[in-house]
Student: 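Before I ask anything, let me first share the structure, which is written out below as structure tokens.
Atoms considered below: every heavy atom in the structure, side chains included; atoms not considered: hydrogens, waters and symmetry mates. What you are looking at is a predicted structure, and each value in this text was computed from that prediction instead of being measured. Just so you know, residue 1 is the first one in the sequence shown, and it goes up from there.
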Amino acid sequence: MADLSSSVRLWQILGTGTDHFDLVYWRSKRIPIANCPGTFTAVGLAELAVMFMLMLARRFRVAELRFSSGDYYGPAGMELRTRRLLLLGFGASARELAKRANSFGMLTSAIDAIPITGQAVEEFCLVEAGGPERIEALLDGADFVSLHLPLNEETRHTINEHRLRLMKASAFLVNVARGELVDEHALEKALRNGQLAGAGLDVFSNEPPVPSSGLLTLPNVIATPHIAGATEEASRGRAEFVAANVERLAAGDPPLNLVV
């Protein structure tokens with residue numbers, strides 16, 4: 001069979017992540033690959049994370065179930081102010097979430113493989129910042145842990161059984177990044193056993209997850225179908241970026257945001 005990639009001049013990824021993409025193959029073909037900057041979806045991801053935190057804090061699913069059965073005036077929830085938020089990854093979406101968390105009076109810490117500068121600590125009002133070696137030290141004090149990491153061999157199952165044990169029983173996990181950052185079997189076990197208070201999940205290891213998935217049946221889980229970055233603004237921004245890259249290629253200029 002003929003190699004249909006022989007005439008390709010650019011492979012443009014409409015999203016930001018490359019974990020679903022055969023980079024090894026395309027590198028062998030010496031064909032440039034570009035993705036879209038995470039800034040296009042950063043606000044959408046941050047806003048959905050805030051939605052998850054609010055719904056989890058106010059025990060939305062439990063309240064919804066009680067309301068439908070005629071049980072009013074409960075359950076009691078909690079406020080976000082003074083709660084500790086730990087951001088794992090401090091790229092564009094995490095920074096947008098930090099801004100919004102500050103407006104609620106939350107105390108935000110951040111972890112990133114790239115050193116977080118003192119200027120960023122001040123700008124985003126971080127109470128603590130560090131590298132991956134600080135994850136476990138900060139997990140046990142967090143009320144909310146929000147994932148904003150790319151998926152690769154180093155980050156796969158960043159949240160595993162051991163780290164779930166380090167979290168407070170009253171803590172919540174939020175994932176708007178990639179499903180396989182979390183060991184879902186360990187997460188389900190922790191949620192069922194009362195080892196963790198709840199989770200807000202927009203992404204899953206297998207998508208779409210089967211409707212009978214144990215995680216989706218739990219009253220302390222808020223789930224959405226991978227829609228964090230699906231906003232009109234993000235779609236428009238990505239489309240304009242892709243069109244600009246095509247125009248640059250036609251003009252003989254190098255594409256922007258090259259991965260390879």
Side-chain angles (χ1 to χ4, degrees), residues 10-23 26 32-56 60 80 85 87-104 106 108 110 112-114 120 123-124 144-152 155 158 173-182 199-209 221-250 253-260:
L10 170 69
W11 193 278
Q12 174 70 58
I13 301 172
L14 286 173
T16 302
T18 59
D19 50 283
H20 60 290
F21 195 77
D22 192 347
L23 288 175
W26 288 101
I33 303 165
N35 64 353
C36 290
T39 50
F40 291 127
T41 55
V43 169
L45 267 64
E47 290 184 353
L48 191 71
V50 170
M51 184 192 84
F52 280 149
M53 291 195 297
L54 288 168
M55 294 178 78
L56 290 166
F60 175 81
L80 294 186
L85 168 64
L87 303 170
L88 298 186
F90 199 56
S93 64
R95 292 177 181 228
E96 291 293 340
L97 179 53
K99 293 178 189 176
R100 288 154 178 77
N102 289 335
S103 71
F104 282 99
M106 300 184 78
T108 305
D112 200 87
I114 300 172
E123 179 182 353
F124 295 97
F144 292 87
V145 176
S146 188
L147 298 172
H148 300 267
L149 297 164
L151 178 63
N152 53 47
T155 62
T158 290
L173 179 69
V174 170
N175 190 4
V176 294
R178 286 290 184 267
E180 289 193 56
L181 295 173
V182 178
L201 307 172
D202 183 55
V203 287
F204 301 86
S205 295
N206 295 305
E207 294 185 348
V221 171
I222 306 293
T224 50
H226 204 145
I227 58 168
T231 66
E232 294 179 7
E233 294 84 355
S235 297
R236 188 178 302 111
R238 283 175 165 177
E240 291 171 353
F241 181 84
V242 170
N245 255 358
V246 171
E247 290 176 356
R248 289 178 65 86
L249 197 69
D253 296 325
L256 299 174
N257 229 55
L258 285 174
V259 177
V260 177

Student: Show me the donor-acceptor pairs, under 3.5 Å and distance only, between side chains in residues 35-52 and residues at least two apart or in other chains.
Tutor:
{"from": "Asn35", "atom 1": "OD1", "to": "Asn257", "atom 2": "ND2", "distance (Å)": "2.7"}
{"from": "Asn35", "atom 1": "ND2", "to": "Thr16", "atom 2": "O", "distance (Å)": "2.7"}
{"from": "Thr41", "atom 1": "OG1", "to": "Gly38", "atom 2": "O", "distance (Å)": "3.4"}

Student: What's the separation between atom CG in Leu173 and atom CG in Leu147, rounded to the nearest 0.5 Å?
Tutor: 5.5 Å

Student: May I have the step-by-step check of side chain to side chain contact (heavy atoms under 4.5 Å, CB included) for Leu97 and Ser146, ending in yes or no?
Tutor: CA-CA 9 Å; Leu97 179 53; Ser146 188; 3.5 Å; yes

Student: To the nearest 0.5 angstrom, please state how far the CD1 atom of Ile33 sits from the CD1 atom of Ile13.
Tutor: 6.0 Å

Student: Considering only heavy atoms from C-beta outward, does the side chain of Phe144 approach that of Met106 to under 4.5 Å?
Tutor: yes

Student: Kindly give the heavy-atom pair with the smallest separation between Ser93 and His148, and that separation in Å.
Tutor: OG-ND1, 2.9 Å

Student: OG1 of Thr224 to CZ of Phe204: how many Å apart, nearest 0.5 Å?
Tutor: 7.0 Å

Student: Taking atom CD of Glu232 as the centre, does the number of heavy atoms from other residues, nucleotides or ligands within less than 6.0 Å exceed 12?
Tutor: no

Student: Tell me which pairs pass salt bridge (charged side-chain N to carboxylate O under 4.0 Å, His left out) where either residue lies in residues 92-101, with sequence neighbours left out.
Tutor: Glu96-Lys99, Glu96-Arg100

Student: If I compare all heavy atoms of Pro255 with all of Leu249, which pair ends up nearest, and what's the gap?
Tutor: CG-CD1, 4.2 Å

Student: Any side-chain heavy atom of Pro254 sitting closer than 4.5 Å to one from Arg248?
Tutor: yes

Student: What distance separates Asn245 CG from Glu240 CD, expressed to the nearest 0.5 Å?
Tutor: 13.0 Å

Student: Counting N and O atoms only, with roles assigned by atom type, does the side chain of Asp202 sit under 3.5 Å from a partner on the main chain of His226, one being a donor and the other an acceptor?
Tutor: yes

Student: Would you confirm whether Asn175, through its side chain, and Val203, through its main-chain N or O, come within 3.5 Å as a donor-acceptor pair?
Tutor: no

Student: Side chain to side chain contact (heavy atoms under 4.5 Å, CB included) between Met53 and Leu85: does it pass, once the steps are laid out?
Tutor: CA-CA 10 Å; Met53 291 195 297; Leu85 168 64; 4.0 Å; yes

Student: Looking only at heavy atoms, what is the nearest atom pair of Pro150 and Thr155, with distance?
Tutor: O-OG1, 2.7 Å

Student: Give the minimum heavy-atom separation between Leu87 and Ala98, together with the two atoms involved.
Tutor: CD1-CB, 4.0 Å

Student: Between Leu256 and Phe241, is the side chain to side chain contact (heavy atoms under 4.5 Å, CB included) condition met? List the steps.
Tutor: CA-CA 9 Å; Leu256 299 174; Phe241 181 84; 3.9 Å; yes

Student: Not counting sequence neighbours, which residues clear side chain to side chain donor-acceptor pair (under 3.5 Å) with Thr231? List them please.
Tutor: none

